[in-house]
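Heads up: the structure comes next, in structure tokens.
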2 protein chains.
Amino acid sequence: MALRHALLAALLDRELSGYQLSKLFDLGASSFWHASSQQLYAELGKLEADGLLTGHEVVQQGRPNKRVFALTDAGRDELTRFTGAPTKPTSIRDDLMVKAYAEQAADPDTLIKQLEDRAAQSRAKAEFLAAQLEKLRGDKPEADFLASADNVGPYLAGTRGKMYHDDQAEWCEWAAAILRHRTTS
Amino acid sequence: MALRHALLAALLDRELSGYQLSKLFDLGASSFWHASSQQLYAELGKLEADGLLTGHEVVQQGRPNKRVFALTDAGRDELTRFTGAPTKPTSIRDDLMVKAYAEQAADPDTLIKQLEDRAAQSRAKAEFLAAQLEKLRGDKPEADFLASADNVGPYLAGTRGKMYHDDQAEWCEWAAAILRHRTTS
DNA sequence: CACATCATGTAACCAGTTACATGATTGG
DNA sequence: CCAATCATGTAACTGGTTACATGATGTG
């Protein structure tokens, strides 16, 4: 069980539909938890069957109806249990980094293009996260918000995500520049 | 197929045994590719069966014998093909970040402890990577090395790994300090 | 003599990916 | 009317994890 806890965490203080969760895992949470939408719908079903979540149909006008999910008490307990359990090592799998490592076997122009594409994606995600963080802290200075707000978890995690994407973009551009320099000289 | 390319990349310019690869994936490459030793031995077998790698027994005195693996021409071609193929999105799964996100449901002291443990691990990995980078560039200034060396891939990837772990350690300590402050005030 | 490190695997199970499938509504 | 966005799934497959298994050698 792995995705479960990420889903429970996302639903800790709000109800969301599968679709909203898929946006979240695509944009906000992608820097610390990766999941496809198919996986989400499957896991939401299991979590509901296991009594950790309850789903309610929400009728919308102007859009297809949706099913939103909320934590049950059992779900919250399971999340608390999880936070106390030993932490598993981080699992990262990044094709682009493997390609950079194997630079010797790669076509330089193609690799440079891929690094630049990734840089652009990471810049966009960093910007999105910066906006999220601003929204979370409202008009307060960061230090005040972190000292007084009642739910700082998403802010802490979002900050790490922004760091990750800022670095990723910076590194990709740096690496691309080096490879470009090596081909043209 | 996923681990394959990471293994082929690691063997691009040297021969290594399963055990040496498991060290590499535990220390050097863990910031961009995660794999267990069981997985490595299984995949090395498949790669040999597919003709992308050849294994040779090396007799050692004072230690158990080992089997080292080297890229074949087919293996190198496959790696080149891979570097040109579309890059899959990065997959990250980090329990600790999910726990930070779910801070509200967590016991503060336990979470702080976990953040501090991770900070120490990341500091150690960053230091290891810094030493590796120094070894790779030898006595040259970084810019000279990157402009003139014939294999910069591992240096580029290692640099990203160091950034990742430096940030991770810094963020963990920052987050732990915030949570500590919130519990004591 | 016990512990750390070196060294390599197998088998059963589970998590995650890929391909397929459908349909409503809004805006250009 | 076409594309984008909203919305939700299933089935087959494959990649990865967990638990189990073994044994040599050097160091304190």
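Numbered from 1 within each chain, the chains take letters A, B, ... in sequence-line order.
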Contacts under 3.5 angstrom, residues 161-168 of chain B side chains, donor-acceptor by atom type, not counting sequence neighbours:
unit_1, atom_1, unit_2, atom_2, d
B:Lys162, NZ, B:Asp166, OD2, 2.8
B:His165, ND1, B:Ser122, OG, 3.3
B:Gln168, OE1, A:Arg160, NE, 3.0
B:Gln168, OE1, A:Arg160, NH2, 3.4

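- By the side-chain hydrogen bond (donor to acceptor under 3.5 Å, both in side chains) test, A:Glu134 is found to be paired with no residue, residues two or more places apart in sequence or in another chain being considered.
- Regarding A:Glu43, its CD atom lies at a distance of 14 Å from the P atom of D:dG9, rounded to whole Å.
- Applying the ring-ring contact (aromatic ring centres under 6.0 Å, His included) test to every pair with at least one member in residues 77-112 of chain B, sequence neighbours left out, gives these pairs: B:His5-B:Phe82.
- Between the side chains of B:Lys125 and B:Ser31, no donor N or O sits under 3.5 Å from an acceptor N or O.
- When the C1' atoms of four end pairs are superposed on the next four at each end of the helix from C:dC1-D:dG28 to C:dG28-D:dC1, using five pairs per end, the two resulting axes differ in direction by 40°, to 10°.
- The ring-ring contact (aromatic ring centres under 6.0 Å, His included) pairs that include a residue from residues 119-154 of chain B are B:Phe145-B:Tyr155, where partners are two or more places apart or lie in different chains.
- For the pair B:Asp26 CG and C:dA4 C1', the interatomic distance rounds to 15 Å; values are reported in whole Å.
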Within the sub-3.5 Å range, which N or O atoms of nucleotides 17-20 of chain C have a protein N or O partner, and how far apart are they?
unit_1, atom_1, unit_2, atom_2, d
C:dT17, OP1, A:His34, NE2, 3.2
C:dT17, OP2, A:Gln39, OE1, 3.0
C:dA19, N6, A:Gln38, NE2, 3.1

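- Rounding to whole angstrom units, NZ of residue B:Lys66 and P of C:dT8 are separated by 8 Å.
- In this structure, the OH atom of A:Tyr41 is 9 Å from the C1' atom of D:dC6, given to the nearest Å.
- Placement of B:Met97 and B:Ile92 in two distinct hydrophobic clusters is found when ILVMFWY residues are connected by side-chain heavy-atom separations under 4.5 Å, directly or transitively.
- Sorted by residue number, the members of residues 6-22 of chain B with any non-hydrogen atom under 4.0 Å from DNA chain C read B:Ser17, B:Gly18, B:Tyr19.
- Put simply, the side chain of B:Thr83 does not reach to within 4.5 Å of the side chain of A:Thr110, judged on heavy atoms.
- Counting only N and O atoms by type, the side chains of B:Lys99 and A:Thr87 include a donor and acceptor under 3.5 Å apart.
- Around the CD atom of B:Glu127, the shell of radius 6.0 Å holds no more than 12 heavy atoms that belong to other residues, nucleotides or ligands.
- Checking C:dG9, C:dC6, C:dG16 against the side-chain heavy atoms of A:Leu3 singles out C:dG16 as nearest.
- Partners of B:Glu173 under the side-chain hydrogen bond (donor to acceptor under 3.5 Å, both in side chains) rule, at least two apart in sequence or in another chain, are B:Arg123.
- Within the structure, the ring-ring contact (aromatic ring centres under 6.0 Å, His included) test picks out no pair touching residues 39-78 of chain A (sequence neighbours left out).
- Residues passing the side-chain hydrogen bond (donor to acceptor under 3.5 Å, both in side chains) test with A:Asp117 are A:Lys113, sequence neighbours excluded.
- When the C1' atom of C:dC6 is taken as reference, atom CZ of B:Arg67 falls 17 Å away, rounded to whole Å.
- In this structure, the CG atom of B:Asn65 is 9 Å from the P atom of C:dT8, given to the nearest Å.
- As rounded to whole Å, 14 Å separates atom C1' of C:dG9 from atom NZ of B:Lys46.
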Pairs under 3.5 angstrom, nitrogen or oxygen only, protein versus nucleotides 26-28 of chain D, please.
none

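- Here D:dA7 presents its C1' atom at 17 Å from CZ of A:Phe25, a figure rounded to the nearest Å.
- Criterion: ILVMFWY side-chain heavy atoms under 4.5 Å apart, direct or through other members. Under it, A:Ile178 and A:Leu115 are part of a common hydrophobic cluster.
- Annotation: side-chain hydrogen bond (donor to acceptor under 3.5 Å, both in side chains) contacts of B:Arg81 (sequence neighbours excluded): B:Glu78.
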